[in-house]
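Okay, so here's the structure we're looking at.
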Amino acid sequence: MADEIGARHTLFLKDVFKFLENYQGQPYTIIYADPPFPLKGKERILDLIDLNTNLLTPNGLFVVHIPSEEQKLWKEQSDSGLLKLIDTRVYGR
């Protein structure tokens, strides 16, 4: 799939936890996650990306959209230290 600026991207419509646990493809430069707000345990996504070294390139970005009231559930860095919080944006509700 390509967008108007010619960048390649792939959209996966799957159970996020199963996908992240089993992904064996090429690593991505950017991973954008927008889990449904009512999804319980969504902060596990960070740990699963951290554990699966096939998912993200060494200088890649993981961007996640979460409700502001759940921000405290997310660590500022993954257990391995490979993923670190570099920016936070807050948009109103």
Side-chain angles (χ1 to χ4, degrees):
M1 188 182 293
D3 62 16
E4 294 80 26
I5 61 171
R8 287 183 33 141
H9 55 275
T10 305
L11 176 66
F12 297 96
L13 299 174
K14 298 181 176 193
D15 177 284
V16 65
F17 302 113
K18 289 180 184 175
F19 175 79
L20 293 174
E21 289 168 354
N22 299 308
Y23 183 75
Q24 296 296 316
Q26 295 294 315
Y28 290 94
T29 305
I30 299 172
I31 297 175
Y32 176 79
D34 188 7
F37 282 7
L39 179 66
K40 299 292 183 205
K42 65 176 90 56
E43 62 278 1
R44 271 187 52 223
I45 295 170
L46 174 71
D47 295 325
L48 292 171
I49 291 173
D50 186 47
L51 289 171
N52 189 338
T53 57
N54 290 330
L55 279 163
L56 197 58
T57 60
N59 291 315
L61 291 175
F62 167 53
V63 179
V64 62
H65 179 216
I66 57 170
S68 58
E69 61 270 12
E70 292 182 11
Q71 185 174 355
K72 292 179 181 137
L73 297 174
W74 292 77
K75 300 180 261 186
E76 293 206 8
Q77 131 173 346
S78 64
D79 290 339
S80 73
L82 294 174
L83 299 173
K84 297 175 184 164
L85 177 66
I86 58 171
D87 191 11
T88 301
R89 309 282 171 103
V90 178
Y91 300 97
R93 239 209 281 201

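Fair warning: this is a prediction, and the values are worked out from it, not measured in the lab.
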Can you check whether L48's main-chain N or O pairs, donor with acceptor, with N52's side chain at less than 3.5 Å?
-> no
Checking side-chain contact (heavy atoms from CB on, under 4.5 Å) for the pair I31/I49: CA distance, chi angles, key distance, verdict?
-> CA-CA 9 Å; I31 297 175; I49 291 173; 4.2 Å; yes
Quick one: are L51 and S78 in side-chain contact, heavy atoms under 4.5 Å?
-> no
same_hphob_cluster(F17, W74) at 4.5 Å side-chain heavy-atom cutoff | yes
Would you give the length of the straight line joining atom OG1 of T57 to atom CG of N59, rounded to the nearest 0.5 angstrom?
-> 6.5 Å
Hey, could you give me the CG/CG distance between L56 and L61, rounded to the nearest 0.5 Å?
-> 7.5 Å
In Å and rounded to the nearest 0.5 Å, what is the CD to OG1 distance from Q26 to T29?
-> 11.0 Å
Output yes when E70 and K40 qualify as a salt bridge under the 4.0 Å nitrogen-oxygen rule, no when they do not.
-> no
Tell me, do L85 and Q77 make a side-chain contact under 4.5 Å, heavy atoms counted?
-> no
Shared ILVMFWY cluster between L39 and F19, side chains joined below 4.5 angstrom?
-> yes
What do you reckon, are the aromatic ring centroids of F37 and H65 less than 6.0 Å apart?
-> yes
Does a side-chain heavy-atom distance below 4.5 Å link N54 with P27?
-> no
R44/E21 under salt bridge (Lys or Arg N to Asp or Glu O under 4.0 Å): CA gap, chis, key distance, verdict = CA-CA 11 Å; R44 271 187 52 223; E21 289 168 354; 3.1 Å; yes
Minimum side-chain heavy-atom gap F62-Y28 below 4.5 Å = no
Determine whether L83 and K75 make a side-chain contact, defined as any pair of heavy atoms from C-beta on separated by less than 4.5 Å.
-> no
Got I45 and V64 here, is their nearest side-chain heavy-atom distance under 4.5 Å?
-> no
Evaluate the side-chain proximity of D79 to D47: yes if any heavy-atom separation is below 4.5 Å, no if none is.
-> yes
Do the side chains of K42 and I66 get nearer than 4.5 Å, heavy atoms only?
-> yes
